[in-house]
J.: 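Would you mind keeping the following structure in view while I ask a few things?
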Amino acid sequence: MFTGGMMQLVERTIINKNHPNYKSLDALAFLSKNLYNIANYIVRQEFINKGNYLDYKKVQNLLQSGVDYQAIPAKVAQQVLILLDKNWQSFFQAIRAYNECPSKFKSRPKLPKYKDKKKGRNILVYTKQAISKPQLVKNKKILLSKSKLFFDSKINYDSLQQVRIVPKLKLLCDRSGLRIR
């Protein structure tokens, strides 16, 4: 991928249902979904009932001592809330564009939705600080924070920006998996 004059290398590993880490990663993606949904509920209720928007910092302060926030590593929980904040900012930007020229849209933009209660999963973003440096430097393995989950990698630590675990459900194929980018 080429962005802003700087090349970003992406290493992808596909984790299928028969992979030893699949169940653990799926459980983390489910917990991430729970945090996303509770945070989205709080933001939506404040916006619908009072017309106020709660940004990332306000939501983080409200949730950081809660069960859903603490169920996943703190740096990952922060990334979930940052993603939700970006989704809301996109909504506000779409509303402004809609108000300027409604004909560019099929309908009025809708509030960010909830993830499905049972089938829903949410992305997990592990920043560089949430990856074990010694494991990557010495053993060429990515060790995710507060877990025993390892992945082989060809990336050196200085080049690493983040590890993204993206849940993918394939309706026509039983090979649904999690992608690590």
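This is a predicted model, so every value here is computed, not measured. Starting from 1, each residue takes its place in the sequence as its number. Hydrogens, waters and symmetry mates are skipped; everything else that's a heavy atom, side chains included, is used.
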J.: In terms of hydrophobic clusters joined by side-chain contacts under 4.5 Å, are Val67 and Leu124 together?
T.: no
J.: Taking the side chain as C-beta and beyond, is there a heavy-atom pair between Leu28 and Val76 under 4.5 Å?
T.: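 No, too far: nothing below the 4.5 Å cut-off.
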J.: Could you list the donor-acceptor pairs under 3.5 angstrom formed between side-chain atoms of residues 98-107 and any protein atom two or more places apart in sequence or on another chain?
T.:
| from | atom 1 | to | atom 2 | distance (Å) |
| --- | --- | --- | --- | --- |
| Asn99 | ND2 | Ile95 | O | 3.4 |

J.: Are there over 12 heavy-atom neighbours, none belonging to Gln70, within less than 6.0 Å of that residue's CD?
T.: yes
J.: With sequence neighbours left out, what residues match Asn34 under side-chain hydrogen bond (donor to acceptor under 3.5 Å, both in side chains)?
T.: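 Not a single residue meets the side-chain hydrogen bond (donor to acceptor under 3.5 Å, both in side chains) criterion with Asn34.
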J.: How far apart are the C-alpha atoms of Ile123 and Ile165, what are their side-chain angles, what is the distance that settles it, and do they pass the side chain to side chain contact (heavy atoms under 4.5 Å, CB included) test?
T.: CA-CA 6 Å; Ile123 188 170; Ile165 300 170; 5.9 Å; no
J.: Should Tyr56 and Val43 be regarded as members of a common hydrophobic cluster, given that ILVMFWY residues are connected when their side-chain heavy atoms come within less than 4.5 Å of each other, either directly or indirectly?
T.: yes
J.: Count I, L, V, M, F, W, Y as connected when their side-chain heavy atoms are under 4.5 Å apart, and connections chain through other members. Are Leu143 and Leu160 then in the same cluster?
T.: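 Looking at the clustering, Leu160 is in a separate group from Leu143.
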J.: Taking it one step at a time, do Asn156 and Ser159 satisfy side-chain hydrogen bond (donor to acceptor under 3.5 Å, both in side chains)?
T.: CA-CA 6 Å; Asn156 66 41; Ser159 299; 2.9 Å; yes
J.: Quick check: do Ile15 and Phe151 have side-chain heavy atoms less than 4.5 Å from each other?
T.: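 Sidechains of Phe151 and Ile15: in contact.
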J.: Check the pair Lys33, Tyr114 against side chain to side chain contact (heavy atoms under 4.5 Å, CB included), reporting the backbone distance first and the verdict last.
T.: CA-CA 9 Å; Lys33 178 269 305 176; Tyr114 298 107; over 6 Å; no
J.: Is there a side-chain contact between Ile72 and Val80, using heavy atoms and a 4.5 Å cut-off?
T.: yes
J.: Going only through I, L, V, M, F, W and Y residues with side-chain contacts under 4.5 Å, is there a path from Tyr22 to Ile142?
T.: yes
J.: Test: side-chain hydrogen bond (donor to acceptor under 3.5 Å, both in side chains). Region: residues 140-155. Which pairs qualify, not counting sequence neighbours?
T.: Glu11-Ser153, Lys141-Asp152
J.: Quick one, Leu25 with Leu144, criterion side chain to side chain contact (heavy atoms under 4.5 Å, CB included). Give me CA distance, side-chain angles, the key distance, then yes/no.
T.: CA-CA 10 Å; Leu25 292 172; Leu144 303 178; 4.0 Å; yes
J.: side-chain hydrogen bond (donor to acceptor under 3.5 Å, both in side chains), that's the test. Do Tyr69 and Gln60 meet it? Break it down for me.
T.: CA-CA 9 Å; Tyr69 189 95; Gln60 196 226 6; 3.0 Å; yes
J.: With heavy-atom distances below 4.5 Å as the criterion, would you say the side chains of Arg164 and Tyr126 are in contact?
T.: no
J.: Hey, quick one: are Ile82 and Leu63 part of the same hydrophobic cluster, counting side-chain heavy atoms closer than 4.5 Å, chains of contacts allowed?
T.: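 Yes, Ile82 and Leu63 fall within the same hydrophobic cluster.
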J.: Do Tyr36 and Asn87 have side-chain atoms, one donor and one acceptor, less than 3.5 Å apart?
T.: yes
J.: When you compare the side chain of Arg121 with that of Asp26, does any pair of heavy atoms fall below 4.5 Å?
T.: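 The answer is yes; the side chains approach within 4.5 Å.
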J.: Would you say the side chain of Leu111 lies within less than 4.5 Å of the side chain of Ile48, judging by non-hydrogen atoms?
T.: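 Yes; the side chains approach each other to less than 4.5 Å.
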J.: Parallel, tilted or perpendicular: which describes the rings of Trp88 and Tyr53, with under 30° parallel and over 60° perpendicular?
T.: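 Rings of Trp88 and Tyr53: tilted, as their planes differ by 30° to 60°.
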J.: Could you please spell out the steps behind the side chain to side chain contact (heavy atoms under 4.5 Å, CB included) verdict for Leu62 and Ile42?
T.: CA-CA 9 Å; Leu62 288 170; Ile42 290 168; 4.0 Å; yes
J.: Do Phe92 and Phe47 have ring centres separated by under 6.0 Å?
T.: yes
